[in-house]
Amino acid sequence: MALLCRWARRWPWPCNLLLYGGLFAAGDAAQQQLRRAPGSAADWRQTRHVALVALAFHGNFSYVWLRGLERLLPGRAPLAVLAKVLCDQLVGAPVAVLAFYTGMSILQGKEDIFLDCRQKFWNTYKTGLMYWPFVQLSNFSLVPVYLRTAYTGLCGFIWVTFLCFSQQCGDGTIKSAFRLFQEEKANRDEKPLDK
C-alpha cells in the first residue's frame, strides 16, 4: 500500500488515469454480472468501450478538474469545501454525465450520438445529486489533494455501475437501478440447484 501511495504522489496523472480505466471497466463488468442471464457470456466489447471513455476523458477530466478546484478555492475551511462541492455539482457533474453518454454512443456507432443524453441526462444528473455531493464533501474536507482523484475514482465504481446499467437499459433514475438488483435476485432464483 505504501508503494502505491508513493507512486500516486510521484506520478499522479498516470496512476489516476489507470485507476479510472480499471474501475470503470470493473463497474461495467459488475453491472453485466448483475444483469446477465445465467449461462450467457459477458460483453467484453462494451467493457472495453467503457474503459476507453474513462481513459480518454473521465480520468483526465477528473484529474484536471479537481486540481483546478483546489487552486481556485484552496483549503479545507467549511465555506471553501461547500463552494467546491457546489462548483463540482453545477459544472463538473453535468460535463461528466454528458461525456459518458456521448462517448459511449460514439464508440457504439449509434447514428444519433446525443439520443442517450436527451433521454437520460436529467434523470442521471438528479440521481447523481443524491450521491456525489456527499462523496465530494468527504473528499474535499478529508482527503489529501494528491489522492482526491483516486478517491473520486474509487467512489465512482458504484456510480459507473449505475451509469453503465442506465446506458444499456435504464432511464437514469434510481428506480431503474433498483430494477438491476431485482433482476439479479430473479436470475439467482432461476439457477438450478447443484447436487
Side-chain angles (χ1 to χ4, degrees), residues 4-5 8-9 11-28 30-31 50-51 53-104 116-167 170-178 180:
L4 287 176
C5 284
R9 190 174 277 239
W11 299 294
W13 176 74
C15 287
N16 286 308
L17 198 60
L18 291 173
L19 178 70
Y20 258 77
L23 288 170
F24 267 53
D28 180 68
Q31 72 84 24
V50 171
V53 168
L55 290 169
F57 178 78
H58 284 276
N60 292 304
F61 175 74
S62 184
Y63 180 78
V64 171
W65 175 249
L66 292 175
R67 289 183 180 267
L69 278 178
E70 189 59 36
R71 285 189 183 105
L72 181 66
L73 302 161
R76 294 181 181 183
L79 282 178
V81 169
L82 290 175
K84 284 185 249 193
V85 170
L86 187 63
C87 285
D88 186 62
Q89 294 311 297
L90 292 176
V91 178
V95 169
V97 170
L98 290 170
F100 179 80
Y101 283 136
T102 305
M104 288 301 295
D116 281 345
C117 291
R118 285 193 302 273
Q119 292 177 341
K120 301 173 184 180
F121 171 78
W122 285 111
N123 287 338
T124 305
Y125 179 66
K126 289 185 284 187
T127 301
L129 289 174
M130 292 185 260
Y131 179 67
W132 282 109
F134 303 103
V135 168
Q136 294 297 46
L137 187 65
S138 63
N139 191 17
F140 295 132
S141 58
L142 302 172
V143 179
V145 174
Y146 74 98
L147 290 175
R148 285 187 183 163
T149 305
Y151 178 78
T152 303
L154 290 170
C155 294
F157 171 78
I158 295 167
W159 178 247
V160 82
T161 302
F162 165 76
L163 262 183
C164 290
F165 173 77
S166 290
Q167 195 269 330
D171 62 3
T173 62
I174 194 71
K175 186 177 178 180
S176 72
F178 287 123
L180 172 68

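Throughout, residue positions are numbered sequentially from 1 according to the sequence presented.
Counting heavy atoms from C-beta on, the side chains of Thr173 and Lys126 never come closer than 4.5 Å. Side-chain atoms of Trp122 and Val97, non-hydrogen and from C-beta on, never get closer than 4.5 Å to each other.
Ser138 contributes a side-chain N or O that, together with a main-chain N or O of Val135, makes up a donor-acceptor pair within less than 3.5 Å. For the pair Asn60 (side chain) and Leu55 (backbone), a donor-acceptor distance under 3.5 Å is present. Side-chain atoms of Ser62 never come within 3.5 Å of backbone atoms of His58 as a donor-acceptor pair (strictly under, hydrogens ignored).
Here the CG-CG distance, from Leu86 to Leu79, works out to 11.5 Å after rounding to the nearest 0.5 Å. Remark: Leu147 CG to Leu66 CG distance equals 11.5 Å, nearest 0.5 Å. Leu137 contributes atom CG, which lies 8.0 Å from atom CG of Leu142 (distance to the nearest 0.5 angstrom). Here Ile158 contributes atom CD1 and Tyr131 contributes atom OH; the two are 4.0 Å apart, rounded to the nearest 0.5 Å. Atom-to-atom distance recorded for Trp132:CH2 and Cys155:SG is 6.0 Å, nearest 0.5 angstrom. Interatomic distance, Ser166 OG to Gln119 CD, rounded to the nearest 0.5 Å: 12.0 Å.
Here the shortest heavy-atom pairing between Ala51 and Gly21 reads CB-O, 3.9 Å. Closest approach of Leu129 to Gln89, counting heavy atoms only: CD2-OE1, 3.5 Å. Contact record, Val160 with Leu23: CG1-O, 3.8 Å, taken as the closest heavy-atom pair. Between Tyr20 and Ala54, the shortest heavy-atom contact is O-CB, 3.7 Å. Of all the heavy atoms in Ala96 and Phe57, the pair that sits closest is CA-CE2, 4.3 Å. Residues Arg76 and Ser141 approach most closely at CD-O, 3.4 Å, considering heavy atoms.
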Full working for side-chain contact (heavy atoms from CB on, under 4.5 Å) between Cys164 and Phe100: CA-CA 9 Å; Cys164 290; Phe100 179 80; 4.0 Å; yes
Pair Leu163-Phe24, side-chain contact (heavy atoms from CB on, under 4.5 Å): steps then yes or no: CA-CA 10 Å; Leu163 262 183; Phe24 267 53; 5.5 Å; no
From CA spacing to verdict: side-chain contact (heavy atoms from CB on, under 4.5 Å), Leu17, Trp13: CA-CA 6 Å; Leu17 198 60; Trp13 176 74; 3.5 Å; yes
Derivation of the side-chain contact (heavy atoms from CB on, under 4.5 Å) call for Phe140 and Leu69: CA-CA 10 Å; Phe140 295 132; Leu69 278 178; 3.8 Å; yes
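Residues meeting the side chain to side chain donor-acceptor pair (under 3.5 Å) test with Glu70, sequence neighbours left out: Lys84, Arg148. Partners of Thr149 according to the side chain to side chain donor-acceptor pair (under 3.5 Å) rule, which considers only residues two or more places apart in sequence or in another chain, do not exist here.
For Leu90, the CG atom counts as densely surrounded, since its 6.0 Å shell holds more than 12 non-hydrogen atoms of other residues, nucleotides or ligands. With a 6.0 Å radius and a threshold of 12 heavy atoms from other residues, nucleotides or ligands, Arg71 has its CZ atom at or below the threshold.
Using bins of under 30°, 30° to 60° and over 60° for the plane-to-plane angle, the ring pair Phe121/Tyr125 lands in the parallel bin.
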